[in-house]
Amino acid sequence: MTVKVFVDMDKCQHYGQCCFEADDIFHLDDDGKLQYVAEADDSRRDDIESAADVCPMQAITVE
Amino acid sequence: MSGVVIVGAGLGGLRSAEALRGAGYEGEITVVGDEPHLPYNRPPLSKEALLSGVDVEGLQFRRKATVEDVIWRLGAPAASSDLSARTVTLEDGSVLEFDGLVIASGIRPRRLPIPGPTTGRSVLRTATDAEHVRALLGPGVHVIIMGAGFIGCETAATARKLGAEVAVVAIDEQPMVRPLGAELGAGMRRRHERHGVHFHLGHTIDAFVGDDRVRSAALSDGSELPADIVIEAVGSVTNTEWLQGNGLDLSDGLLVDSAMQVDTEVAPVVAVGDIARHPNALFGDIPRRIEHWNMPTETGRRAGATLAALLAGAEPDRGPFTAMPSFWSDQYDHKLQSFGMPGIADRIELVEGEPDGPCIVEYHDASGLVGVVGVDRTQELAPYRKQLMTRSAS
């Protein structure tokens with residue numbers, strides 16, 4: 001099982017709150033732009049769900 | 001079993017319901033809300049939604065599958081409660097019985113009693129408010145914004161983008177001065193002024209002038225400003241009226257312990273979000289209400305777990321609550337972000353950049369670093385947050 005992560009980059013404002021919930025999945029690059037891993041092991045699901053919860057723009061979808 | 005009643009269908013209510021399910025509670029959950037909408041995201045109401053149109057369904061929070069069976073009583077404000085009888089009565093007269101109660105009824109905008117007409121005076125709290133205000137904003141419209149906090153400043157920026165003539169009237173010496181301090185507040189003011197916003201700081205509105213509706217505002221300095229619409233953003237009051245008569249201290253929201261439990265023997269009751277005056281071990285455990293967007297999620301998670309434990313006859317986790325307060329704001333193309341509690345600082349230091357440009361500001365008190373604010377430097381704040389999190393170890 002894997003978790004699929006999608007960030008709507010039209011909504012994302014690069015606040016980086018998600019990074020604090022799952023720093024192996026989300027990070028801000030040197031230009032302050034959000035980068036993320038689109039597929040992760042199912043063991044990461046809870047943290048990824050938390051990242052989606054705390055996104056101020058509600059830009060993260062988890063499947 | 002009558003289940004859990006959650007009063008408040010905002011973010012705190014939703015997260016509490018999800019946390020109850022996450023902690024294994026399988027009973028009935030009923031969420032009561034005064035607005036007719038499922039929980040939706042409010043911050044865009046002063047920004048994108050005000051600029052481009054209010055799509056409430058598009059603003060709704062993603063709801064976890066575990067809360068699909070939650071009963072939503074929307075457009076049904078709570079009128080009163082009897083905690084010892086374990087009931088909540090709605091305005092429509094229906095009585096809901098509960099085994100456990102979540103208080104998530106939040107806040108509403110404070111309204112000042114100012115003489116003169118009321119037509120033309122608005123607040124910006126709900127999707128309905130935003131739709132109303134949006135319909136009135138446009139090129140050349142004279143807008144007065146009362147209050148220079150985040151909502152006032154964000155609304156000023158959006159109104160300028162829509163071509164309105166914008167004046168901000170506030171008693172404060174600088175915009176957002178309490179969280180940001182005077183130096184950065186002044187920097188933010190100059191950003192707004194470069195975009196054409198006029199500030200009338202250190203003043204209040206003595207009266208609104210007009211026959212059938214507000215046409216202008218008389219300021220405490222004797223000046224008069226034209227107004228087609230007045231948007232009031234002068235703080236908040238807690239929605240606690242429905243809790244009166246239960247012997248609770250409602251002077252500043254509801255006092256809760258680190259588990260978010262309300263101090264009452266008569267029923268299992270927790271409170272979350274803007275209304276919960278909670279201790280935070282990162283900041284000396286002094287109970288405070290924190291009206292930041294991330295707190296309903298943080299307190300809701302804890303409160304849901306607490307209530308699930310109480311209803312299962314177990315002792316909840318009463319260990320320290322250590323959530324990191326955080327706020328962020330968009331004004332023009334500037335991004336402001338904060339961690340910690342800059343508002344409690346007694347020493348403020350600009351450590352990088354300048355107040356008119358990208359910058360980082362540190363906030364200290366006797367205990368050390370208590371907060372940080374970055375303007376257009378978001379990616380550099382992570383080490384500060386990490387440092388602030390270590391405060392729990394001390």
Side-chain angles (χ1 to χ4, degrees), chain A, chain B residues 11-12 14-16 18-19 22 39-44 47-49 52 57-66 292-298 300-301 304 323-331 333-339 358 374-386 388-389:
Chain A
M1 281 279 283
T2 57
V3 190
K4 287 196 169 59
V5 184
F6 174 73
V7 181
D8 182 340
M9 296 312 286
D10 288 336
K11 285 188 181 175
C12 174
Q13 295 290 327
H14 314 279
Y15 285 117
Q17 295 285 329
C18 49
C19 308
F20 302 113
E21 304 292 324
D23 63 1
D24 54 333
I25 307 295
F26 305 94
H27 77 276
L28 294 178
D29 67 18
D30 291 343
D31 295 326
K33 300 291 179 206
L34 184 78
Q35 308 291 335
Y36 68 101
V37 179
E39 196 163 346
D41 187 81
D42 204 52
S43 64
R44 302 296 299 126
R45 179 176 293 274
D46 283 356
D47 286 342
I48 294 169
E49 294 267 1
S50 288
D53 285 353
V54 302
C55 171
M57 307 311 297
Q58 294 289 289
I60 302 172
T61 312
V62 186
E63 277 173 24
Chain B
L11 180 54
L14 173 61
R15 293 290 182 250
S16 301
E18 291 174 342
Y40 65 93
N41 203 17
R42 295 187 193 280
K47 301 185 278 282
E48 310 85 63
S52 314
E57 288 201 5
L59 292 175
Q60 277 175 15
F61 292 107
R62 193 176 60 99
R63 299 183 302 280
K64 291 192 173 60
T66 54
H292 294 347
W293 186 89
N294 73 321
M295 295 317 292
T297 292
E298 300 281 1
R301 284 174 179 168
M324 181 59 64
S326 180
F327 63 77
W328 42 83
S329 182
D330 261 307
Q331 293 168 36
D333 50 352
H334 301 295
K335 280 197 167 32
L336 220 116
Q337 186 156 20
S338 165
F339 294 107
V375 182
D376 299 327
R377 300 292 284 266
T378 300
Q379 72 274 24
E380 292 164 55
L381 297 182
Y384 289 94
R385 185 183 187 278
K386 199 171 175 184
L388 287 163
M389 285 304 289

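Quick note on labels: first sequence line is chain A, next is B, and so on, each numbered from 1. Here the structure is a predicted model, which means the values were calculated and not measured.
At least one donor-acceptor pair under 3.5 Å links the side chain of B/R15 to the backbone N or O of A/D53. Side chain of B/E18 to main chain of B/K64: a donor-acceptor pair is present (N/O by atom type, distance under 3.5 Å, no hydrogens or angles).
Contact annotation for A/D29: only backbone heavy atoms (N, CA, C, O) come within less than 4.5 Å of a heavy atom of chain B. No part of B/K386 comes within reach of chain A, as not one of its non-hydrogen atoms sits under 4.5 angstrom from that chain. When heavy atoms are compared at a cutoff of 4.5 Å, A/D23 does not approach chain B at all. Only the side chain of B/F339 comes within less than 4.5 Å of a heavy atom of chain A; its backbone N, CA, C and O stay farther away. For A/L34, no part lies under 4.5 angstrom from a heavy atom of chain B. Neither the backbone nor the side chain of A/H27 has a heavy atom closer than 4.5 Å to any heavy atom of chain B. Proximity to chain A (any heavy atom under 4.5 Å) is shown, for B/E380, by neither the backbone nor the side chain. No part of B/R377 comes within reach of chain A, as not one of its non-hydrogen atoms sits under 4.5 angstrom from that chain.
With a 6.0 Å cutoff to the six-membered ring centre and a 45° limit on the axis angle, B/R42 counts as a cation-pi contact of B/Y40.
Remark: the B/Q331 side chain and the B/S329 side chain contain an N/O donor-acceptor pair separated by less than 3.5 Å. Residues A/Q58 and A/K11 have side chains that never bring a donor and an acceptor to within less than 3.5 angstrom of each other.
Ionic pairing of A/D41 and A/R44 is not present here: no N-O contact between side-chain nitrogen and carboxylate oxygen is shorter than 4.0 angstrom.
You'll find the side chain of A/V3 reaches within 4.5 Å of the side chain of A/V62, heavy atoms only.
No other option in B/L59, B/D330, B/N294, B/T297 has as many heavy-atom pairs under 4.5 Å with chain A as B/D330.
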